[in-house]
Amino acid sequence: MGEIPDQNRSQYNEKGSRFLRLFASVQPRLYGFVSTLVFNWADVEDVIQETSSVMWSKFDEFEPGTDFIAWTLRIAHYQVLAFYEKQKRQRRLSQQAIETIVREMMTTTESQDDHLDALRKCVSRLPEKDRTILHLRYEVGATAKSVSQRVGQNINTLYKNLSRIHTLLFHCMHRLKMEDHI
Amino acid sequence: MSLSGKEKKEFFELLYALREEIATDEQVASLNALIVSNPRICRLYVDYMKMCGYFRVYQLAGAPRTVQAGHLDCSSEVEHPADITDALFWADLAEHERTAPAVEIPKENKSVELITDIRKRKAMLKSERKKVPFSLWVSLVSLAAMLVMMAYVMLNPRVMYEVATVSDSFQTQWSSPLAPQKGTRLAASSEQIVLHRGFIQIETDKDVQLFLEAPATFRFLSPDEVFLYQGRLLAHVPESGSGFSVRTNASKIIDLGTKFGVYAEMNDDTELHLFTGQALLIAGTRQGGRHTAEIVAGRAVRVDHTGRSITDVPLREDIFVHGMDSQTGFLWRGQSEINLADVVGGGNGFGTGVQGVGINPASGVIRNAEARTQRHSNVYTAVESNVFIDGVFVPNGADKQIVTTARHVFAECPPTSGYYFMDIAHTTMARVINDQQPYSLYLNQTNYSLPENPSIFMHANTGITFDLSQFRSRLTETRILRFRSEFGISDSAPTRYIADFWILLDGRVRYTNAEPMRRGDAVDIDIEISDQDRFLTLMVTDGSVHDHPQDENAIGSDWGVFGRPFLILE
């Protein structure tokens with residue numbers, strides 16, 4: 001049987017720890033990338049799950065010291081394409097649009113921490129009711145229908161409110177970006 | 001062209017509609033065109049969607065929230081406040097719109113023919129009934145072909161590739177058409193395999209070892225993934241198999257270099273017990289939502305059937321089979337000790353032996369322990385009927401004493417009378433010549449004739465050798481570290497004669513009593529065993545080398561007892 005010799009066992013566990021640390025450090029960026037190309041959150045989770053599996057299986061090929069984010073996004077890109085292959089009817093973006101978006105994503109440099117910090121600030125500035133709706137919508141397993149029932153709104157009104165809230169957040173983050181050069 | 005406030009609002013509404021998957025085809029087509037033709041729109045799109053992704057992570061990481069039950073009064077829609085209009089940004093965008101080449105967005109041709117002539121209308125209806133568009137025919141044919149293919153795959157579920165081999169099975173009974181035996185190749189298939197009773201060991205083509213215990217229902221999805229619908233499974237995943245996954249109805253576990261156990265219950269709850277290494281646990285379903293947790297060695301968790309709740313539970317090795325051997329009935333549940341008294345009783349060290357059963361040191365025959373004074377040569381006799389016992393002998397020191405089938409020699413073997421009285425026995429009672437009454441064996445007031453205090457009774461002059469390699473080959477990912485026991489001459493021995501005892505590893509003395517032992521003397525033994533040591537020999541001699549004549553009386557009352565003789569595992 002392929003038993004791990006004692007002297008390699010600790011190296012193997014160390015490899016797992018190293019992978020998890022690196023993966024955790026790029027997770028927001030990975031979610032950001034996949035979210036630009038896949039819209040249903042369950043599908044986003046599927047693609048991220050497949051990406052993490054492939055990343056682990058190919059982790060020995062990753063050269064330490066090189067760009068882990070770029071490596072991650074390349075793998076995620078292929079997983080998105082594989083997802084589109086499987087779910088042809090669900091693809092909304094054209095092939096050209098996808099290529100344009102991916103080019104834009106790959107060439108953008110950004111600080112994850114600054115983005116998350118800006119997001120945190122902007123969320124805190126939202127009126128409490130808006131914050132509540134937003135968190136309800138992003139809860140694991142939530143759908144627009146389930147949230148509309150919870151908050152007592154018809155679904156069209158909910159969509160309009162969520163759209164408005166996202167726009168508010170977006171502009172707040174854009175303003176902070178201009179101010180802080182994130 | 002500059003965008004009006006209304007157009008800006010519509011643009012963001014379009015982005016959100018895309019996010020919620022409610023955008024129309026026309027809307028998406030126009031957005032696709034804009035993304036391709038306008039870098040600023042593309043950047044805007046990317047930043048907006050990225051923001052949603054970041055918020056998702058923010059939420060999953062446990063963002064502070066003020067979620068309240070009940071209805072919220074958010075019915076009034078707030079118009080875009082003036083300050084959200086970033087003048088510079090939109091001016092820049094408008095400038096690009098003015099100078100960029102025009103983009104053709106395909107428009108749908110809508111024309112309606114007003115039919116006023118009823119005859120024309122009837123004719124049209126008749127022709128519509130007859131005419132089947134070519135595209136529809138193609139679709140029907142394709143559908144038929146697809147149905148035929150689906151039927152073929154469903155009726156022939158084994159049209160898949162092979163991914164694993166059954167390496168052992170024990171007391172198995174199957175409730176599925178597929179009833180694998182040792183050597184059966186298993187394929188990635190839609191067909192479930194149902195183990196109704198017993199245990200099975202499977203090795204995947206990537207060297208992953210799986211141990212399943214009935215009742216269990218499972219199937220392979222690929223060489224790297226197994227779906228456990230119900231039952232208990234333990235996985236040993238070497239480096240070559242890393243990334244191996246176990247899926248249940250409520251979760252998916254991805255290995256990162258581990259030994260772990262998965263228990264899928266009938267109510268769809270799942271338990272994950274992580275013994276070594278790390279694993280990624282992905283809990284939940286597509287419908288209910290998923291979240292991921294890293295589980296490290298020493299931790300066990302329970303995922304409820306919805307996948308939303310992950311709670312810590314006690315780590316338990318004993319509910320999983322960690323190693324097995326159908327030939328010897330060897331089932332290792334991660335116990336940390338092997339009971340050598342149980343082995344003497346015909347068992348495998350984990351309770352399958354029979355109390356009172358012994359081995360004749362001259363013939364090697366396993367039987368209910370008998371007592372009769374006999375004399376025998378010191379020839380070493382292999383024990384064929386129990387793989388864990390290498391052999392037995394009656395030491396007499398007359399010539400070189402072989403103590404293993406590998407021909408190790410015990411050079412320091414003292415001269416003895418060459419007589420022995422009783423079989424080497426598992427947790428038994430002693431006998432005395434011309435006395436029908438059996439006597440319990442005691443060391444330090446512990447009754448070693450009771451099942452809860454297992455012992456090996458070794459009346460002088462007897463020796464027994466255990467083959468440690470036979471245990472090692474059946475224990476995965478663990479080592480034999482030590483031999484521990486209490487040894488002495490039973491307190492209940494009728495007279496106070498002396499005896500010596502010996503513990504050897506590969507024929508070399510690792511322990512012996514410093515002074516001749518007498519009735520009531522007892523010592524604690526704790527001997528380290530290295531991975532290179534193969535044979536463990538226990539021996540009791542009659543002490544006649546010290547003072548007694550070397551006749552049959554020399555063995556009188558030499559009631560040697562190894563109390564709780566255990567091999568200690570890592």
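Reminder, nothing fancy here: chain letters follow the sequence lines and each chain counts from 1.
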Heavy-atom pair with the smallest gap, counting every atom of A:Ser35 and B:Gly53 = OG-CA, 3.2 Å
CA sep, side-chain torsions, deciding dist, call: B:Met49, A:Met105, side-chain contact (heavy atoms from CB on, under 4.5 Å) = CA-CA 11 Å; B:Met49 293 302 182; A:Met105 292 285 304; over 6 Å; no
Minimal non-hydrogen separation, A:Gln49 against B:Ile282, with atom names = CG-CD1, 3.3 Å
message = Can you tell me which portion of B:Val36 sits under 4.5 Å from chain A's heavy atoms? Options are side chain, backbone, both or neither.
response = both
key: Portion of A:Ser57 that has a non-hydrogen atom of chain B nearer than 4.5 angstrom   = neither
request  = For each of B:Leu31, B:Ile22, B:Val296, tally heavy-atom pairs with chain A at distances under 4.5 Å, and name the one with the top tally.
outcome  = B:Ile22
side-chain contact (heavy atoms from CB on, under 4.5 Å) between A:His166 and B:Phe12, intermediate numbers included = CA-CA 8 Å; A:His166 278 74; B:Phe12 282 106; over 6 Å; no
message = Would you call the rings of A:Phe39 and B:Tyr45 parallel, tilted or perpendicular, taking 30° and 60° as the class edges?
response = perpendicular
query = According to the interplanar angle, ranging from 0 to 90°, do the rings of B:Phe55 and A:Tyr138 count as parallel (below 30°), tilted (30 to 60°) or perpendicular (above 60°)?
reply = perpendicular
request  = Identify the heavy atoms of B:Tyr16 and A:Arg137 that sit nearest to each other, and give their distance.
outcome  = OH-CG, 4.0 Å
key: Worked check of side-chain contact (heavy atoms from CB on, under 4.5 Å) between A:Arg29 and B:Tyr54   = CA-CA 7 Å; A:Arg29 188 84 185 264; B:Tyr54 271 76; 3.8 Å; yes
task = Check whether B:Asp47 gets within reach of chain A through its side chain, its backbone, both or neither, counting any heavy atom under 4.5 Å.
result = both
query = If you look at every heavy atom in A:Gly16 and B:Gln278, which pair is closest and at what distance?
reply = C-OE1, 3.2 Å
ask   = Where on A:Val34 is there a heavy atom nearer than 4.5 Å to chain B: the side chain, the backbone, both, or neither?
value = neither
remark   = Turns out that what part of A:Leu30 lies under 4.5 Å from chain B's heavy atoms comes down to neither
task = Heavy-atom distances under 4.5 Å only: say whether B:Lys206 touches chain A with side chain, backbone, both or neither.
result = neither
inquiry  = Run B:Arg56 and A:Glu45 through salt bridge (Lys or Arg N to Asp or Glu O under 4.0 Å) and show every step you take.
reply    = CA-CA 10 Å; B:Arg56 178 77 173 178; A:Glu45 300 290 349; 3.1 Å; yes
remark   = Bottom line for A:Gln96: the part with an atom under 4.5 Å from chain B's heavy atoms is both
note = In short, B:Leu280 meets A:Leu20 closest at the heavy-atom pair CD2-CD2, 4.0 Å
key: B:Met51 and A:Leu169: CA distance, side-chain angles, deciding distance, side-chain contact (heavy atoms from CB on, under 4.5 Å) verdict   = CA-CA 8 Å; B:Met51 174 192 75; A:Leu169 268 183; 3.8 Å; yes
inquiry  = Please classify the contact of B:Leu15 with chain A as side chain, backbone, both or neither, using a heavy-atom distance under 4.5 Å.
reply    = neither
note = Between B:Cys42 and A:Thr100, the two heavy atoms sitting closest are SG-CG2, 3.8 Å
